[in-house]
Amino acid sequence: MQRKYLVITGGVLSGLGKGIAIASIGNLLSSTYKVVPIKCDGYLNVDPGTMNPIEHGEVFVLDDGGEVDMDFGHYERFLGINCKFEWNLTMGKVFEKIREKERRGDYLGKTVQMIPHVSDLIKNHFIEVGEKTNADVILIEIGGTVGDMENELYIDAARSLMREVGKENVLFIHLTYLPIPYGVNEQKTKPTQQSIGLLRQRGIEPQIIIVRSSEMLSEKTKEKISAIGNFKPDEIITGLDVDDVYKIPLLFEEQGMSQLLSKKLNIKVIPNLEKWKSLILNKENAKREITIALAGKYTALEDSYASIIEALNHCAAHLSVKINVKWIETDEKNLSLKGVHGVIVPGGFGSRGTEGKIEVIKQCREMGIPFLGICYGMQMAIIEFARNVCGLSANTTEVDANCLHPVVDILDEQKLIINKGGTMRRGAYPAIMKVGSVIHSLYGEFEISERHRHRYEVNPKYHSILLERGMVFSGMSPDGKLVEFIELPSHPYFVGTQAHPELKSSLLKPAPLFKGLVEAAVKFGEGESIAYF
Ligand code: GLN
């Protein structure tokens with residue numbers, strides 16, 4: 001089929017959920033077509049890897065090791081695909097490429113300009129990704145809000161894409177916001193009108209408008225928007241506030257989205273939402289309730305652990321459990337696990353809060369509270385075990401470079417990589433499971449693959465003592481050198497991994513270790529006869 005491009009822009013405010021909106025549209029398309037997303041970010045960092053998660057949210061890591069925006073998490077979870085680093089454009093990457101080309105003499109003595117050179121490079125990237133992936137539909141999300149200086153070049157590239165691939169093959173969707181001011185109690189369309197106007201000034205006529213709102217749009221509101229934009233009422237969709245983002249594909253479908261897409265793109269969209277719907281209902285009708293503590297450093301900003309929360313959501317739907325998340329800031333004094341049925345110590349960097357994490361893990365180990373340690377969380381579990389079970393004065397060299405027993409350390413081969421400028425073990429790595437371990441039974445496979453993002457490893461010099469004292473290495477790298485998964489067999493659920501399994505969790509296929517944790521937490525709750533209603 002002729003490749004189609006869907007471009008989503010945002011108006012009025014940032015943070016309205018463009019990523020979720022386009023991922024939801026992609027979800028409807030993906031049961032019939034091969035859908036590939038491209039995200040365009042305006043910032044000058046090459047990727048978000050160096051940004052503070054408090055400011056930017058979680059750094060999402062792909063199979064190929066690329067560090068990308070959190071929106072890729074939504075794309076992967078809603079489209080059921082593994083994304084690639086080159087599907088994320090940032091202005092940092094764009095200018096890097098322009099400079100490379102200019103130095104190489106590709107511009108043959110011409111003055112290199114924002115338009116056409118930079119915008120052409122972006123447009124060509126859109127087309128190349130389409131060709132390389134052989135996608136039927138390319139989703140292009142332009143970050144920020146129309147009118148921002150940062151995204152002008154992306155918008156221009158999308159405009160010129162129409163000329164290149166034909167107007168009929170590019171569909172512009174614009175997401176705006178509808179305020180209902182207190183006291184006036186009226187749905188106000190002016191911001192939507194104005195942002196459509198801004199888009200028109202840039203040569204773009206949106207064909208579908210999604211209006212984010214706390215209420216369904218009234219007929220009168222739709223008429224107003226129709227009048228200024230020559231839209232038909234069915235081309236105006238309410239992006240209703242919902243308590244669960246997984247409801248958005250259903251919400252769009254109820255308003256006739258797949259019919260609209262079929263008409264606009266001249267294709268046949270047949271969504272498949274049955275399983276999706278039943279999982280959402282399963283979660284809504286949960287009969288059991290548990291509390292999982294998330295003990296970390298960036299607990300102030302939920303976004304920095306977005307994929308972990310998502311992974312718990314997926315388990316909630318599969319196991320029909322309501323999961324309350326309790327945030328525990330580990331550099332605070334009071335680290336009580338009262339009323340908690342399971343604990344996650346997530347990934348992290350640096351020394352702040354590490355002693356608190358170790359203390360929390362000790363309580364879990366001693367009191368039989370289900371525990372899942374992710375990356376730094378697993379490294380902390382190794383330290384805790386080395387200290388309190390093996391009796392070593394242990395630490396990671398990340399916190400104490402001169403500690404007596406560096407049970408977690410940068411390995412020599414890893415140091416070589418760091419010197420070469422690649423600073424971390426990043427992306428998908430395979431692991432071989434220990435047959436009969438809890439983790440093996442949860443995965444149900446002998447060889448698995450999960451994503452990584454870290455520098456340090458369990459120090460091989462200490463493998464034997466940890467094993468002697470009862471720790472099980474449930475998964476190792478194929479060469480048998482790196483500890484990828486651990487567990488304590490004497491404990492109801494004490495599990496850790498050097499990887500980030502939350503990154504591959506999805507509503508249809510929750511991450512096995514999270515499922516194991518939630519199941520164990522439910523049992524723990526039953527044992528305490530807590531929280532059943
Ligand atoms: N700081 C640890 C390391 O670099 C863990 C990183 C992480 O949790 N992602 O190895």
Side-chain angles (χ1 to χ4, degrees), residues 47-54 56-63 65-68 70 73 294-299 301 303-309 311 328-331 343-358 360-361 371-384 386 394-401 403 406-419 421-429 431 450-460 462 477 481-486 495-505 511 513-514:
D47 61 47
T50 52
M51 295 185 198
N52 183 342
I54 293 245
H56 184 264
E58 176 185 66
V59 176
F60 197 79
V61 182
L62 302 173
D63 270 357
E67 295 179 321
V68 291
M70 269 166 63
L294 197 51
K297 194 168 70 164
Y298 295 121
T299 49
L301 186 79
D303 264 4
S304 49
Y305 295 126
S307 294
I308 290 183
I309 302 298
I328 298 185
E329 188 71 44
T330 46
D331 60 358
V343 173
I344 297 174
V345 177
F349 292 86
S351 56
R352 187 163 70 80
T354 49
E355 287 304 318
K357 287 180 190 171
I358 293 168
V360 165
I361 296 168
F371 162 77
L372 173 60
I374 296 172
C375 203
Y376 213 21
M378 181 194 93
Q379 296 174 358
M380 293 296 128
I382 294 282
I383 297 167
E384 192 282 322
N395 214 333
T396 163
T397 48
E398 180 169 355
V399 173
D400 179 2
C403 62
V407 291
V408 176
D409 197 4
I410 298 190
L411 307 188
D412 288 343
E413 49 260 53
Q414 203 70 9
K415 282 181 193 150
L416 279 178
I417 302 176
I418 291 171
N419 291 340
T423 59
M424 293 203 222
R425 180 147 85 99
R426 266 187 350 210
Y429 282 86
E450 291 287 7
R451 294 177 181 171
H452 290 240
R453 182 175 188 258
H454 57 102
R455 296 187 177 86
Y456 296 79
E457 306 282 350
V458 179
N459 190 340
Y462 293 91
S477 57
K481 285 190 182 151
L482 305 175
V483 177
E484 303 284 39
F485 294 89
I486 62 160
V495 159
T497 173
Q498 193 55 79
H500 285 276
E502 71 277 18
L503 297 176
K504 291 217 311 196
S505 187
L513 297 193
F514 281 82

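Just so it is clear, the values below take in all heavy atoms, side chains as well, and ignore hydrogens, waters and symmetry mates. Every number for a ligand or one of its atoms is a count from 1 in the order of the listing.
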Heavy-atom closest pair, residues Ala381 and Ile361: N-CD1, 3.6 Å
Against Glu502, only a single residue in Ile344, Ile374, Ile309 fulfils side chain to side chain contact (heavy atoms under 4.5 Å, CB included); can you say which? Ile374
Does any non-hydrogen side-chain atom of Tyr429 lie less than 4.5 Å from one of Gln498? no
Is there a heavy atom of His452 sitting under 4.0 angstrom from any atom of ligand 1? no
For Thr497 and Glu450, which I'm curious about, is there any donor-acceptor pair between the side chains at under 3.5 Å? no
Would a distance-only check, ignoring hydrogens and angles, find a side-chain to backbone donor-acceptor pair under 3.5 Å from Ser351 to Val399? no
Taking 4.0 angstrom as the limit and counting only heavy atoms of Gly347, give me the atoms of ligand 1 inside it, by number and element. 8 (O)
Is a donor on one side and an acceptor on the other found under 3.5 Å between the side chain of Glu457 and the backbone of Leu411? no
Considering the heavy atoms of Arg455, write down every atom of ligand 1 situated less than 4.0 Å from one of them. 3 (C), 4 (O), 10 (O)
Touching ligand 1 at all, Gln379? Heavy atoms, strictly under 4.0 Å? yes
For ligand 1, find out whether one of its N or O atoms is nearer than 3.5 Å to an N or O atom of Gln498. no
Checking a contact table here: which protein heavy atom is nearest atom 6 (C) of ligand 1, and how many Å away? Gly348 O, 3.3 Å
Give the residue, atom name and distance (to 0.1 Å) of the protein heavy atom nearest atom 7 (C) of ligand 1. Cys375 SG, 3.0 Å
Nearest to atom 9 (N) of ligand 1 by heavy atom, His454, Arg425, Arg453, Glu398: which? Arg453
Can you tell me the protein heavy atom closest to atom 10 (O) of ligand 1 and the distance? Tyr456 N, 2.8 Å
Under 4.0 Å between a Lys/Arg side-chain N and an Asp/Glu carboxylate O for Glu484 and Arg425? yes
